[in-house]
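These numbers come from a predicted model, not from an experiment.
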Amino acid sequence: MRSGSLRRLATWMWAEFLGHPVSWLAELVLAVLIVTCTFVTTERGMAGDRRYPIMLGLLIGAVVVCLMLWLLDWWLHRLLPAPAQPGDPSRPGTGSSPDSGGDPVDSRSRMGGVGSDRAALRAALIVALPFLAMLVWAACTIGWHEHYVLAGRVASRMTRVDVPTSALVVPLVEAALALLTATLLVLLIGRPRLADALWRACLVFAVVTPVDLVREFLWEPKVGWRLATRFGGAAIYHTALILGIGIAADGIRRGFHKVLSWLIVASCVVALVVSGSRAGFIDIGLLCVALLIWGRPARIETRFRHLLKGVIGFLVAAVAVVWMGQLRGVGLVDHGRTQTWQVAWQSIADSPASILFGKGYGVMWPWFATESGQVPGASHALRVTGYGVSLPHAHNTVVQIGAELGLVGTVLALASLVAVVVYCLHGIGGVHGAMSLAVLVTFPGLVLDTYLVKNFPTSLIWWTVAISVAVLMSREESPSPPPSR
């Protein structure tokens, strides 16, 4: 009996792979990235050279594989066009063409969806291109300024140490590759299989996360009581956990492997609690409130009850945040962050040019140079800089972009983020509502820590889910009927 079930499962899996080869291979790439970033310290250097971290090589490899899959998809689409379905309209002027015959929706579903789903491609580009333009702007500002840090124990005897150009270029390349990898993976997986593919990715994440937490607890040196995997620091990887909770909640709502979906939620919640992240508690509190209010359709007479649940949930989350702050001996925002943000404001307010163009990428916070050991200095504590006493990075994505890239960079970044918000708002109340809400509640993390331009494993997952929401919420174009003769 068991062998027969396994045989049927193997037959089904093989048939699924043959029906969607590129999509499944793209899923495999995403799973490999998740597992690797969880068990490998990707900040370490390749071949011991910390100037070029493992994450850089991992992302380059992922992009190369994705481009090969894109070519494979194109070749399969030409070699094995999807058969026309009875009653389905065909594309204009291509009814008898072997290269484009058949229903385009079926072709997208079977071949991975690269390029054929124009609405999905347009939605992905709307989200990705403004942020890529911001990264290009950041690269342009590197040559306009001097980059240095101050080294020494006594303020009056500090010396200037120049920051190598590679220490400024590498993180920009990583940020661009993380965004490009996420975009390619979403398009390769394709709209029809995207929700289930994200669920399976979350299942992988929920399995490897507790395994690495156990390793961290048993064998790694203890730094306080907080635990985190190698996927990201305790202050940042809660973002991926929140996204996993949202995707699993959608699985529960649509009855997709309910037991496993609940286990995914439990794994992510436990990992978030042991991380001790204040932003994580804020995010999960907001997500609980949002799910109670908008997570399922409510009749008019029950809306007040759901609102009451939401208020209670918010109060519980607020108490948890206060308790976590007392446990860690800090407030909601610690002194280091407020000091750094004050320095950032004073630096850009000194001239209209600074407000418009910023101080230049890496001028105020050459964080990668410090973390990779290319310049002296602590990678976490307050330090003296040319602009005042500051942390090695802004601990605030908006402040980091605004201070170094000015209004130009801020507008470009906000154009991308606002597009994500608009797509997520369209998704609320629908079948992907929990995932849309999960993306929205991660936004407070943007003002409490730095990702998208740092912490690239977490950035990769955030972009993947955000672009997925955009693709799922984009309107699929219906093919036009062939012209009458």
Side-chain angles (χ1 to χ4, degrees), residues 127 195 198-199 202 205-206 232 234-253 261 264-273 275-296 306-307 309-322 324-325 332-333 395-398 413-414 416-452 455 458-470 472-473:
V127 171
L198 289 175
W199 184 92
C202 287
F205 187 58
I236 185 65
Y237 95 119
H238 69 270
T239 300
L241 298 172
I242 292 291
L243 296 173
I245 292 171
I247 293 170
D250 274 337
I252 294 169
R253 294 167 69 228
S261 295
I264 292 173
V265 172
S267 174
C268 292
V269 169
V270 170
L272 191 148
V273 170
S275 74
S277 169
R278 291 161 293 181
F281 273 81
I282 293 172
D283 289 352
I284 197 172
L286 292 174
L287 181 59
C288 290
V289 172
L291 287 175
L292 286 170
I293 298 175
W294 296 292
R296 58 182 179 181
H306 288 318
L307 180 61
K309 289 180 181 178
V311 172
I312 294 173
F314 179 79
L315 292 176
V316 171
V319 171
V321 170
V322 173
M324 186 61 64
L332 179 60
V333 179
H395 285 269
N396 184 315
T397 307
V398 178
L414 287 180
S416 181
L417 298 178
V418 168
V420 172
V421 170
V422 170
Y423 282 119
C424 289
L425 292 176
H426 287 168
I428 294 176
V431 68
H432 308 296
M435 179 168 59
S436 301
L437 290 170
V439 174
L440 289 175
V441 302
T442 61
F443 274 79
L446 290 171
V447 297
L448 290 174
D449 219 303
T450 309
Y451 55 101
L452 306 185
N455 297 299
T458 298
S459 301
L460 173 64
I461 296 301
W462 192 90
W463 281 122
T464 301
V465 179
I467 294 173
S468 296
V469 171
L472 291 169
M473 292 303 107

Distance-only donor-acceptor hits, side chain of residues 236-247, under 3.5 Å, sequence neighbours excluded:
from	atom 1	to	atom 2	distance (Å)
His238	ND1	Ala235	O	3.3
His238	ND1	Ser277	OG	3.2
His238	NE2	Asp283	OD2	3.4
Thr239	OG1	Ile236	O	3.3

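- Side chains of Ile264 and Phe205 form no contact here, defined as non-hydrogen atoms less than 4.5 Å apart.
- Among residues two or more places apart in sequence or in another chain, the side chain to side chain donor-acceptor pair (under 3.5 Å) test is passed with Thr464 by none.
- Residues Ala249 and Leu291 approach most closely at CB-CD1, 4.5 Å, considering heavy atoms.
- Pairs passing the salt bridge (Lys or Arg N to Asp or Glu O under 4.0 Å) check and including a residue from residues 429-442, sequence neighbours excluded, do not occur.
- Contact between Leu452 and Trp463 at its shortest, heavy atoms only, is CD2-NE1, 3.7 Å.
- Summarising the geometry, atom SG belonging to Cys424 is positioned 10.5 Å from atom CG belonging to Leu472; distances are rounded to the nearest 0.5 Å.
- Between Leu198 and Met435, the shortest heavy-atom distance links the atoms CD1-SD, 3.6 Å.
- Separation of atoms OG (Ser416) and CD1 (Ile467) is listed at 7.5 Å; rounding is to 0.5 Å.
- Applying the ring-ring contact (aromatic ring centres under 6.0 Å, His included) rule to pairs touching residues 417-448 yields Phe443-Trp462, sequence neighbours excluded.
- Remark: Leu287 CG to Thr442 OG1 distance equals 10.0 Å, nearest 0.5 Å.
- Taking Leu425 as the reference, Val421, Ile428, Leu440 meet the side-chain contact (heavy atoms from CB on, under 4.5 Å) condition, with sequence neighbours excluded.
- Nearest heavy-atom pair across Trp199 and Ser261 is NE1-OG, 2.9 Å.
- The list of salt bridge (Lys or Arg N to Asp or Glu O under 4.0 Å) pairs with a residue in residues 234-250, not counting sequence neighbours, reads Asp250-Arg253.
- Between the side chain of Thr397 and the backbone N or O of Asp449, at least one donor-acceptor pair lies under 3.5 Å.
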